[in-house]
J.: 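To start, I am sharing the structure in question, which I have written as structure tokens.
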Amino acid sequence: MVNFVKIPMYEFNVDGSIKPNPIFHRSWDKLHSRCIEYPFAASKVEKTDKILDIGTAKADKAWCDWLDNLPSEVHATDYDDNEYSFKNVIFHQADVRQLPYENDTFDKILAVSVIEHIGLDDAQVNIANKPKVEKQGDIEAVRELIRVLKPNGILVMTFPLSKQEFIFADSARVYSMERVELFNSLIEPLSLEYYEYQHASVKKLYVEYEKKPLTPKKTSIFSRGNKQAVTEKEEAAELPNFKPEIPGMVTWRKLPYQKEFINSEQHCHIDGVLCGVWQKKI
């Protein structure tokens with residue numbers, strides 16, 4: 001067993017928020033939203049008899065390994081066929097809007113960054129037979145998830161959140177609080193937590209630091225899109241107490257789920273995410 005490293009799937013900060021899990025890094029200095037979304041979903045599983053995970057075919061391998069070792073009956077589904085060799089998880093290939101399960105089947109359903117793609121022109125599926133395009137596809141998907149949940153069952157969903165609703169690259173919805181209310185009208189919200197992609201040492205949105213021109217004599221820390229980047233010297237002067245908890249220049253931080261705290265200038269769909277828990281009432 002010398003070739004293994006074991007770390008917790010999720011850990012909490014002092015305030016009860018989720019710590020970013022570095023196992024889901026995409027590069028050394030950026031923390032993809034999955035480093036919050038997967039730990040958040042995992043923290044809500046606890047002791048559960050029967051679980052459904054959706055969008056599993058494109059999930060992170062560490063997530064699939066974790067699901068496969070849960071002491072529960074775990075089912076998984078995706079529009080694409082699954083390539084992961086599960087030992088215990090039972091996989092069904094299906095459209096989330098038409099699941100092959102009876103009513104009131106699952107105690108908990110996990111939907112990590114899936115619902116925002118359902119029904120869009122480019123729904124991030126790989127097989128040639130593409131799913132039906134449907135403006136309200138996400139709403140219909142939630143209706144179907146509610147159908148297969150047991151009474152008092154729990155639905156855990158994570159998805160992009162901004163002040164204003166928009167569609168990113170015909171592939172993902174970025175939700176507003178107003179559209180989240182459509183979900184809340186179907187199933188009762190228990191907990192709605194907002195996490196934002198920020199510079200690791202201050203509570204300001206990461207992209208706000210892309211505001212000074214580069215000079216030939218200075219080396220940039222980062223650049224994003226066509227925006228100008230901050231230089232090492234300028235960054236050091238602006239942030240003298242930079243001491244991130246984990247390697248990297250940015251992190252995800254929980255902010256109040258209130259309009260005034262939600263970023264209004266997102267440039268891509270990973271700048272803010274809602275991590276929510278809903279319950280199906282009898």
Side-chain angles (χ1 to χ4, degrees), residues 8-24 30-46 48 51 53-55 59-60 63 66 108-117 138 141-142 145-146 149 152-165 172-200 202-206 245-246 250-266 268-281:
M9 185 57 143
Y10 61 89
E11 293 182 285
F12 297 102
N13 292 306
V14 174
D15 64 358
S17 61
I18 292 291
K19 286 187 177 182
N21 189 336
I23 197 173
F24 299 113
K30 291 183 175 65
L31 290 171
H32 194 271
S33 59
R34 298 299 185 276
C35 75
I36 282 293
E37 294 172 286
Y38 282 130
F40 177 87
S43 73
K44 304 305 177 183
V45 168
E46 300 172 339
T48 305
I51 299 169
D53 182 72
I54 68 170
D60 192 281
W63 177 250
W66 182 79
K108 289 184 180 176
I109 296 177
L110 311 177
V112 175
S113 197
V114 177
I115 207 72
E116 67 266 27
H117 305 293
D138 57 336
V142 169
L145 296 177
I146 295 169
L149 262 181
N152 292 323
I154 296 297
L155 172 61
V156 179
M157 295 193 295
T158 70
F159 46 77
L161 185 73
S162 179
K163 243 175 198 177
Q164 298 187 358
E165 177 185 345
R173 295 177 186 85
V174 177
Y175 288 84
S176 63
M177 293 179 72
E178 288 75 18
R179 190 166 183 86
V180 174
E181 284 301 314
L182 294 179
F183 297 148
N184 296 345
S185 69
L186 301 174
I187 183 170
E188 183 173 341
L190 295 184
S191 172
L192 302 177
E193 298 184 10
Y194 173 62
Y195 288 82
E196 193 172 273
Y197 189 58
Q198 297 180 336
H199 198 280
V202 293
K203 289 189 176 183
K204 284 190 176 181
L205 187 68
Y206 179 60
E245 285 189 32
I246 55 179
V250 292
T251 189
W252 286 84
R253 187 176 285 114
K254 181 182 175 182
L255 296 179
Y257 181 63
Q258 299 172 20
K259 196 93 172 183
E260 59 267 31
F261 289 99
I262 294 174
N263 168 40
S264 61
E265 297 179 341
Q266 292 188 355
C268 71
H269 74 288
I270 64 165
D271 289 339
V273 292
L274 181 73
C275 297
V277 179
W278 291 260
Q279 184 174 40
K280 177 180 177 178
K281 289 301 185 181

J.: Could you tell me whether D138 and R173 have a side-chain N and a carboxylate O separated by less than 4.0 Å?
T.: yes

J.: I want to know whether F12 and F40 have ring centres closer than 6.0 Å.
T.: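 Distance test on ring centres: not under 6.0 Å, no.
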
J.: Can you spot which of L186, I187, I115, L190 makes a side chain to side chain contact (heavy atoms under 4.5 Å, CB included) with L155?
T.: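 Output: one option passes, namely I187.
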
J.: Under a 3.5 Å threshold, yes or no: a donor from one side chain and an acceptor from the other, between S113 and E116?
T.: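 Checked: S113/E116 side chains pair up, N/O donor to acceptor below 3.5 Å.
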
J.: Does R179 come within less than 4.0 Å of E165, counting only side-chain N to carboxylate O?
T.: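 Counted as a salt bridge, because a side-chain N and a carboxylate O are separated by less than 4.0 Å.
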
J.: Between N21 and C35, is there a donor-acceptor pair closer than 3.5 Å when you use the side chain of the first and the backbone of the second?
T.: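 No: the side chain of N21 does not pair with the backbone of C35.
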
J.: Keeping Y10 on the side-chain end and K44 on the backbone end, is there a donor-acceptor pair under 3.5 Å?
T.: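 Looks like no, no N/O pair under 3.5 Å.
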
J.: Against I54, only a single residue in L110, L145, V112 fulfils side chain to side chain contact (heavy atoms under 4.5 Å, CB included); can you say which?
T.: L145

J.: K280 side chain to I146 main-chain N or O, any donor-acceptor pair under 3.5 Å?
T.: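 Yes; judged by distance alone, with no hydrogens or angles, the pair exists.
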
J.: Identify, with sequence neighbours excluded, every residue that meets side chain to side chain contact (heavy atoms under 4.5 Å, CB included) alongside E178.
T.: S176, K259

J.: Heavy atoms only: give me the nearest L192-G276 pair and the separation to one decimal.
T.: CD2-CA, 4.0 Å

J.: Output yes when a side-chain donor or acceptor of K19 lies under 3.5 Å from a complementary backbone atom of E11, and no otherwise.
T.: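 Not a single qualifying donor-acceptor pair exists.
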
J.: Return yes if some donor-acceptor pair links the side-chain N/O of Q279 with the main-chain N/O of N152 below 3.5 Å, else return no.
T.: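 Yes.
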
J.: For L161 and Y257, run side chain to side chain contact (heavy atoms under 4.5 Å, CB included): C-alpha distance rounded to whole Å, both residues' side-chain angles, the deciding distance at 0.1 Å, then the answer.
T.: CA-CA 10 Å; L161 185 73; Y257 181 63; 3.7 Å; yes

J.: What's the separation between atom SG in C275 and atom OH in Y195, rounded to the nearest 0.5 Å?
T.: 6.0 Å

